**Q** 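For reference, the structure I am asking about is given below.
Here is the naming used below: chain letters follow the sequence lines, and residue numbers restart at 1 for every chain. Every value quoted in this text rests on a predicted model; they were computed, and no experiment measured them.
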Amino acid sequence: DGGITQSPKYLFRKEGQNVTLSCEQNLNHDAMYWYRQDPGQGLRLIYYSQIVNDFQKGDIAEGYSVSREKKESFPLTVTSAQKNPTAFYLCASSISPMQPQHFGDGTRLSIL
Amino acid sequence: AQSVTQLDSQVPVFEEAPVELRCNYSSSVSVYLFWYVQYPNQGLQLLLKYLSGSTLVKGINGFEAEFNKSQTSFHLRKPSVHISDTAEYFCALSTSGTYKYIFGTGTRLKVLA
């Protein structure tokens with residue numbers, strides 16, 4: 001079955017540490033996205049990528065970085081510059097903006 | 001710029017009663033509209049989509065929505081809810097000019113026994 005796989009499901013970060021969240025898709029979708037979800041705030045866009053080797057900042061990119069070296073993969077790094085990283089992170093993909101997104105099951109990041 | 005407004009942050013409803021979750025949007029160009037459902041600690045799952053054509057759209061789990069261009073609305077309805085429908089529901093839109101999707105802040109549906 002095609003889909004999006006996010007790993008790990010739970011992740012803990014120490015102060016001053018960078019952590020990387022994995023997102024892999026086998027849907028052959030060109031576009032991939034990272035969202036942050038906090039209680040009562042819906043989804044906020046961190047970064048998105050329309051094609052390989054290209055990505056754009058979303059609404060809350062500060063303290064995050066991404067890469068898109070392969071069509072299937074779009075990892076998100078939460079850097080130590082992100083002072084409040086505790087949240088639920090969702091990865092998504094779409095074949096075009098005229099079609100819905102497919103979502104992974106999320107990664108919950110907490111601070112130790 | 002586009003926007004999506006979900007007017008109700010929480011909607012309590014008794015089991016087997018009908019429910020309507022409201023979604024209004026703003027856009028100067030044609031839109032594509034989506035409703036998603038999210039269960040705790042899971043990703044979003046597509047309920048239904050409006051791309052073009054018939055304004056009444058049927059989705060999974062007995063849900064339907066009606067696209068109303070004059071009211072700029074895309075309300076989600078179900079004639080009889082079950083306990084298992086308790087979840088958070090998101091309305092979203094996209095346009096052909098950008099790869100960005102705009103989401104509402106979500107409506108938490110709580111079905112009471």
**Q** Quick one: disulfide bond (SG atoms under 2.5 Å apart) pairs with a partner in residues 11-99 of chain A, sequence neighbours left out?
**A** A:C23-A:C91

**Q** So what's closer than 4.5 Å to chain B heavy atoms on A:Q99: side chain, backbone, both or neither?
**A** both

**Q** Using the rule that two of Ile, Leu, Val, Met, Phe, Trp, Tyr join whenever any of their side-chain heavy atoms come within less than 4.5 Å, decide whether B:F34 and A:I4 are in one cluster.
**A** no

**Q** If you count heavy-atom pairs within less than 4.5 Å of chain B, which of A:G106, A:G104, A:S96, A:P97 leads?
**A** A:P97

**Q** Only counting residues at least two apart or in another chain, list the ones meeting salt bridge (Lys or Arg N to Asp or Glu O under 4.0 Å) with A:D38.
**A** A:R36, A:R44

**Q** How would you list all residue pairs meeting disulfide bond (SG atoms under 2.5 Å apart) that involve residues 43-97 of chain B, not counting sequence neighbours?
**A** B:C23-B:C91

**Q** Which atoms of A:Q37 are under 4.5 Å from chain B, going by heavy atoms: the side chain, the backbone, both sets, or neither?
**A** side chain

**Q** Could you see if A:Y89 belongs to whatever hydrophobic cluster contains B:F103? Use Ile, Leu, Val, Met, Phe, Trp, Tyr and a side-chain cutoff under 4.5 Å.
**A** no

**Q** Side chains of B:L44 and A:L43, heavy atoms from C-beta outward: is any pair under 4.5 Å?
**A** yes

**Q** Would a single hydrophobic cluster contain both B:F90 and B:V11, if residues Ile, Leu, Val, Met, Phe, Trp and Tyr are joined by side-chain heavy-atom contacts under 4.5 Å?
**A** no

**Q** Would a hydrophobic clustering, with Ile, Leu, Val, Met, Phe, Trp and Tyr connected at side-chain separations under 4.5 Å, put A:V66 with A:V19?
**A** yes

**Q** Under a 4.5 Å heavy-atom cut-off, does chain A meet the side chain of B:Y99, its backbone, both or neither?
**A** both

**Q** Which members of residues 45-83 of chain B, sorted by number, sit under 4.5 angstrom from chain A on a heavy-atom basis?
**A** B:L46, B:K49, B:L51

**Q** Please determine, among A:K9, A:Q56, A:Q101, A:Q6, the option with the most heavy-atom pairs under 4.5 Å with chain B.
**A** A:Q101

**Q** Closest approach of A:F88 and B:Q42, non-hydrogen atoms and distance?
**A** CE2-O, 3.5 Å

**Q** Does atom CD of B:E15 have more than 12 heavy-atom neighbours from other groups under 6.0 Å away?
**A** yes

**Q** Below 4.5 Å, heavy-atom pairs only: which of A:G58, A:G42, A:A31 has the largest tally toward chain B?
**A** A:G42

**Q** Side-chain contact, heavy-atom cut-off 4.5 Å: A:L90 with B:Q38?
**A** yes

**Q** Got A:S94 and B:Y101 here, is their nearest side-chain heavy-atom distance under 4.5 Å?
**A** yes

**Q** Test of understanding: clusters of I, L, V, M, F, W, Y form through side-chain heavy atoms closer than 4.5 Å, transitively. Do B:Y32 and A:F103 belong to the same one?
**A** yes

**Q** With only heavy atoms counted, which part of B:S9 is less than 4.5 Å from chain A, the side chain, the backbone, both or neither?
**A** neither

